[in-house]
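We count ligands from 1, going down the list as the structure has it; atoms in each ligand are counted the same way. Count residues from 1 along the sequence. Since we're looking at a predicted model, the values are computed, not measured. Any value given below was found using the heavy atoms of this structure, including those in side chains, with hydrogens, waters and symmetry copies removed.
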Amino acid sequence: MATRITYPDTVEGIYQLLTERLAGVVPDFELRLKAEIAAEINQLKREKNAIILGHNYMEPCLFHSVPDYTGDSLALSRVAAEADADIVIFCGVRFMAETAKILNPKRKVLLPSAKGGCSLAESITAEDVRHLKEQFPGVPVVTYVNTYADVKAESDFCCTSGNAEQVVLKLMELGHDQIIFLPDEYLAGNVARDTGMHIVFPTKDLKRASELDLPENVQLVMVGWKGRCEVHEQFTVEDIENVRKQFPDVVVLAHPECSPEVVDASDYSGSTTGMIKFVENMEKGRYLLLTECSMGDNIASKNPDREMLRLCSIRCPHMGEITLEETRAALLEERYEVDVEPAIAERARLALDRMIQIG
Ligand code: 13P
Ligand code: SF4
């Protein structure tokens with residue numbers, strides 16, 4: 001299990017910590033205010049035997065003051081699966097909190113936002129997956145974790161951006177030459193390119209797989225879905241070219257939810273934690289992050305000698321709903337509890353467990 005983060009017990013201690021990390025970014029009076037809320041949250045956690053899991057996209061004051069664990073979807077799923085606290089608060093979006101509940105149903109899982117949506121999770125329904133399985137009988141279904149529980153329940157394997165390629169390669173190793181990969185069109189396109197698969201997007205009225213119009217000599221087929229992340233779909237090759245013109249030495253990092261063209265024009269692509277590690281393992285320098293902007297703040301605050309360029313007009317509104325104030329309210333009122341129907345959770349857990357076993 002990942003290492004648990006500890007924080008000073010006092011308001012003054014947290015204020016010092018936030019000042020070290022964020023003095024150049026957040027005004028002092030705001031840091032004092034946030035330190036008071038964070039200290040209250042950390043006290044409530046102790047009283048209620050609760051832990052906080054914080055996704056890498058959390059805003060800097062929250063990210064640096066209350067999560068017991070931070071990470072990408074894969075790392076946080078692993079922590080959630082093994083958590084023995086009475087309450088798990090997920091500072092992320094709903095599909096992440098649902099995943100925690102599925103993997104560890106005995107815990108009370110809270111999401112500090114009433115909705116916590118995600119355009120990818122909303123792009124596909126369980127009925128859509130059942131229809132695809134009728135069109136492609138016997139073809140294994142790999143579902144990105146950015147989906148709701150009923151969609152996961154229709155799937156054979158889950159994956160995250162951190163292990164999507166590994167999951168697909170594992171299925172190929174098991175002899176599958178066709179894979180249904182849902183619902184992110186761009187993540188699928190990036191994985192298909194890296195694994196030598198030909199990607200198709202069948203129409204709803206396709207009766208059977210043999211009706212697909214495939215180019216000659218295609219051996220490996222990935223069946224995709226046209227879901228997109230409303231944030232990452234907005235980054236363009238032109239954005240990268242413009243930044244490179246101004247800063248020729250910039251190293252460009254793109255999340256694999258960006259289009260294959262954007263990923264091709266970048267220097268590195270990986271999960272949110274993959275991107276953080278990449279920057280931390282490099283020498284000081286200048287980086288452009290094509291992902292939710294807060295992550296650039298979080299990296300810069302821990303690594304002041306790295307210059308992080310961000311395109312901050314493009315934000316994830318759902319991740320932005322999670323604040324220290326909402327997290328304190330979640331703990332005080334034990335809201336918003338996330339529940340998954342046991343029959344659905346049991347089937348979804350199989351797909352998640354298979355993913356966790358692969359890596
Ligand atoms: P990671 O799994 O890379 O943390 O990404 C989650 C996500 O929602 C990216 O937009
Ligand atoms: Fe969903 Fe995109 Fe927001 Fe990630 S950044 S939670 S994929 S909408």
Side-chain angles (χ1 to χ4, degrees), residues 2 53-59 63 67 69-81 90-100 103 111-113 115-124 142-148 151-152 158-167 182-191 225-235 253-259 262-263 266 268-279 289-299 310-322 338 352 355-356 358-359:
L53 309 185
H55 187 263
N56 290 326
Y57 286 167
M58 288 300 101
E59 60 93 3
F63 187 81
Y69 299 91
T70 56
D72 60 9
S73 312
L74 182 60
L76 295 180
S77 302
R78 288 211 171 98
V79 175
F90 214 117
C91 288
V93 289
R94 177 162 295 273
F95 76 80
M96 296 177 176
E98 260 194 13
T99 300
L103 287 168
L111 180 67
S113 149
K115 191 160 185 289
C118 168
S119 66
L120 278 172
E122 267 121 55
S123 73
I124 192 160
V142 177
T143 295
Y144 193 30
V145 284
N146 297 38
T147 47
Y148 293 122
V151 167
K152 290 187 175 82
C158 283
C159 73
T160 72
S161 60
N163 62 10
E165 190 175 325
Q166 248 177 301
V167 171
L182 309 169
D184 187 350
E185 170 186 352
Y186 287 159
L187 178 65
N190 284 313
V191 174
W225 185 258
K226 297 247 174 186
R228 288 193 192 169
C229 162
E230 68 193 88
V231 179
H232 293 92
E233 71 169 344
Q234 294 188 59
F235 298 116
L253 293 85
H255 193 275
E257 290 168 10
C258 295
S259 74
V262 165
V263 169
S266 303
Y268 172 83
S269 177
S271 78
T272 54
T273 294
M275 294 163 109
I276 294 171
K277 286 194 176 147
F278 182 92
V279 176
L289 279 190
L290 299 178
T291 196
E292 158 56 38
C293 188
S294 308
M295 214 174 86
D297 293 328
N298 293 337
I299 300 178
R310 291 147 256 173
L311 301 180
C312 284
S313 52
I314 302 175
R315 307 297 305 251
C316 175
H318 317 291
M319 290 285 185
E321 286 171 20
I322 312 294
V338 173
L352 283 164
M355 165 186 92
I356 287 179
I358 289 180

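Residue-ligand proximity, Val231 to ligand 2, at heavy-atom distances under 4.0 Å covers atoms 5 (S). Every atom of ligand 1 is numbered from 1 in the order shown, and the set under 4.0 Å from a heavy atom of Asp72 is 1 (P), 4 (O). Every atom of ligand 1 is numbered from 1 in the order shown, and the set under 4.0 Å from a heavy atom of Ser161 is 1 (P), 2 (O), 3 (O). Each of the atoms 10 (O) of ligand 1 lies under 4.0 Å from some heavy atom of His232. Residue-ligand proximity, Ser271 to ligand 1, at heavy-atom distances under 4.0 Å covers atoms 3 (O). Atom numbering of ligand 2 starts at 1 in the shown order; those under 4.0 Å from a heavy atom of Leu120 are 7 (S). Less than 4.0 angstrom separates some heavy atom of Tyr57 from each of these atoms of ligand 1: 9 (C), 10 (O). Taking every non-hydrogen atom of Asn146 and a distance limit under 4.0 Å, the qualifying atoms of ligand 2 come out as 7 (S). Ligand 2 places these atoms under 4.0 Å from at least one heavy atom of Glu257: 2 (Fe), 7 (S). Atoms of ligand 1 lying under 4.0 Å from at least one heavy atom of Ser73, given by number and element, are 1 (P), 2 (O), 4 (O), 5 (O), 6 (C).
Among the atoms of His255, some N or O lies under 3.5 angstrom from an N or O of ligand 1.
Between the side chain of Lys152 and the main chain of Thr143, no donor-acceptor pair closer than 3.5 Å is present. The closest donor-acceptor contact from the side chain of Lys115 to the backbone of His318 lies at 3.5 Å or more, if one exists at all. Asn190 places a side-chain N or O within 3.5 Å of a backbone atom of Cys258 that can act as its donor or acceptor partner. Without hydrogens or angle criteria, Thr273 side chain to Asp72 main chain gives a donor-acceptor distance under 3.5 Å. Under the 3.5 Å distance criterion, the side-chain polar atoms of Thr160 are left unmatched by any main-chain donor or acceptor of Val145. Under the 3.5 Å distance criterion, the side-chain polar atoms of Glu292 are matched with a main-chain donor or acceptor of Cys316.
Evaluated by nearest non-hydrogen atom to atom 6 (S) of ligand 2, the leading choice among Gly227, Ser73, Cys316, Gly320 is Cys316.
In terms of protein heavy-atom proximity, atom 2 (Fe) of ligand 2 is nearest to Cys229 SG, 2.3 Å. Scanning all protein heavy atoms for the shortest distance to atom 1 (Fe) of ligand 2 gives Cys118 SG, 2.4 Å.
Contact annotation for Glu257 and ligand 1: only side-chain heavy atoms (C-beta onward) come within less than 4.0 Å of the ligand. For Val231, no heavy-atom contact with ligand 1 is shorter than 4.0 Å.
Contact between Glu59 and Asn298 at its shortest, heavy atoms only, is C-OD1, 4.2 Å. Taking each heavy atom of Pro256 and Ser161 in turn, the nearest pair found is CG-CB, 3.8 Å.
Using a 4.0 angstrom heavy-atom cutoff, Met319 does not count as in contact with ligand 1. Within the structure, the closest approach of Asn146 to ligand 1 falls below 4.0 Å when heavy atoms are considered.
When Arg315, Arg310, His55 are each tested for a side-chain hydrogen bond (donor to acceptor under 3.5 Å, both in side chains) with Ser294, only one passes: Arg315.
Under the 4.5 Å side-chain criterion, counting only non-hydrogen atoms from C-beta, Leu290 is not in contact with Val263.
Aromatic ring orientation, His232 versus His255: tilted (interplanar angle from 30° to 60°).
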